[in-house]
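What follows is a single structure, written as structure tokens, with notes after it.
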Number of protein chains: 2
Amino acid sequence: MEETNTLMDRLYGYLHKKGLKQTKQRDLIARTFFSLNTHLKIEELLVEVQKKDPKVGYVTVYRALKLLKESGLAHQRHFGEGQSLFEPAGGGHHDHMICIKCGNITEFEDEVIERRQEEVAKKIGFKIVSHRHEIYGACPKCQEE
Amino acid sequence: MEETNTLMDRLYGYLHKKGLKQTKQRDLIARTFFSLNTHLKIEELLVEVQKKDPKVGYVTVYRALKLLKESGLAHQRHFGEGQSLFEPAGGGHHDHMICIKCGNITEFEDEVIERRQEEVAKKIGFKIVSHRHEIYGACPKCQEE
DNA sequence: TCCTAATTGAAAGTTAATTTCAAATATCAT
DNA sequence: ATGATATTTGAAATTAACTTTCAATTAGGA
Ligand SMILES: [Mn+2]
Ligand SMILES: [Mn+2]
Ligand SMILES: [Zn+2]
Ligand SMILES: [Zn+2]
């Protein structure tokens, strides 16, 4: 909650720096996004936002998320093939395990893997800019049939 | 080239088993795909196929690749966000390094990473079905500015 | 050869993302 | 506070990639 306020301040800083405007729609969308603090489709965030203000349209949420991404406050993910998901950028890098039954997403971060992929890249002289490592399967709950 | 013939035989086996037909279009598409032996967009394969037979349409290539995927002879990849790429299934599993400058794709396979991700999953009781690990950055050639 | 189910290719439809544009609004300079 | 103006909004239109439909064609067993 207070984390949300910090993030909002960072957003306001970015808006001001870019000569963009603070609006009640952006405010509501960003605040909702930060406090939900999870992986959301545009449509899903729209639903949450509209509980507070039913007048807000899809495109405005789309553009607000694009802005959050540009400002480094959100990450856009492309799991599987469907819609993309957005999540607050929060802490550092992490990768994902996605349950193909229930859609549950678990985050993970493993230093051995991170380091090892640096070595694999270095071996062929490839300079890493980013990476994604996604593990698909069944989460514990979905294995109880 | 002889590898291609082996793969064609596997395709024919699959077609027969499923009561599907052997056609000159499928033959041309699959043969072209196997001999190019690389990562291709549907449109790219279409261009190659049309050099041999300009009458073949996009949808036929699309359906042939879908069939190859179903039969296990091709993999469909979703790098970045654009069109998907298909590649002959060939040997075993591998992951990819994609150059964000020139689009070059290098394959890699690292047992340390493969084993480690099993451990990471096991730790939280997640049962892995598949995974993808993509590294984006600059290939050696593209680093010479 | 004949019959029938499978295939083809053009066109239409779908889905998610993106752009356009006129009306509304936020911010800056009086 | 008022006015000027660039930005933002939301509905509608457009795009891009894929997927389905359907009538005409073709493969392959009887
Ligand atoms: Mn995440
Ligand atoms: Mn590959
Ligand atoms: Zn699950
Ligand atoms: Zn390159």
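Here is the naming used below: chain letters follow the sequence lines, and residue numbers restart at 1 for every chain.
- Within 4.0 Å of A/Glu43, counting heavy atoms only, lies no atom of the nucleic acid at all.
- Atom CD of A/Gln50 and atom P of D/dA11 are 9 Å apart (whole Å).
- Atom CG in A/Leu20 sits roughly 10 Å away from atom C1' in D/dT8 (whole-Å rounding).
- Among D/dA27, D/dT9, D/dG28, the nucleotide with an atom closest to any side-chain atom of B/Thr23 is D/dA27.
- Here the C1' atom of nucleotide D/dA17 and the CD atom of B/Glu44 are 14 Å apart, to the nearest Å.
- One interatomic measurement links the two molecules: CZ of A/Arg26 to C1' of D/dT9, which rounds to 10 Å at whole-angstrom precision.
- As rounded to whole Å, 17 Å separates atom P of D/dA6 from atom NE2 of A/His16.
- Taking 4.0 angstrom as the limit, B/Gln25 places none of its side-chain polar atoms (N or O) nearer than this to OP1 or OP2 of D/dT26.
- One axis for each end of the helix from C/dT1-D/dA30 to C/dT30-D/dA1, each built from five base pairs, and the angle between them comes to 30° at 10° resolution.
- When hydrophobic clusters are built by joining Ile, Leu, Val, Met, Phe, Trp and Tyr residues whose side-chain heavy atoms come closer than 4.5 Å, directly or via intermediates, B/Met97 is not grouped with A/Val129.
- Read 5' to 3', the first and last nucleotides of DNA chain C with an atom closer than 4.0 Å to a heavy atom of chain A are C/dA16 to C/dT27.
- Formation of a donor-acceptor pair under 3.5 Å by the B/Gln50 side chain with backbone atoms of B/Val56 is found in this model.
- Within the 4.0 angstrom heavy-atom criterion, only backbone atoms of the sugar-phosphate kind lie near B/Gly19; the bases stay farther away.
- The 12-atom threshold is not exceeded at NE2 of B/His16, counting heavy atoms of other residues, nucleotides or ligands nearer than 6.0 Å.
- Taking atom CZ on B/Arg77 and atom P on D/dC18, their separation rounds to 16 Å, with Å as the unit.
- Note: OH (A/Tyr62) to P (D/dG10) measures 15 Å, nearest angstrom.
- For the segment residues 52-59 of chain B, residues with any heavy atom less than 4.0 angstrom from an atom of DNA chain C are, sorted by number, B/Lys55, B/Val56, B/Gly57, B/Val59.
- Using cut-offs of 30° and 60° for the angle between ring planes, the A/His96 and A/His94 rings count as perpendicular.
- The side chain of A/Thr60 places an N or O atom within less than 4.0 Å of a non-bridging phosphate oxygen (OP1 or OP2) of D/dG10.
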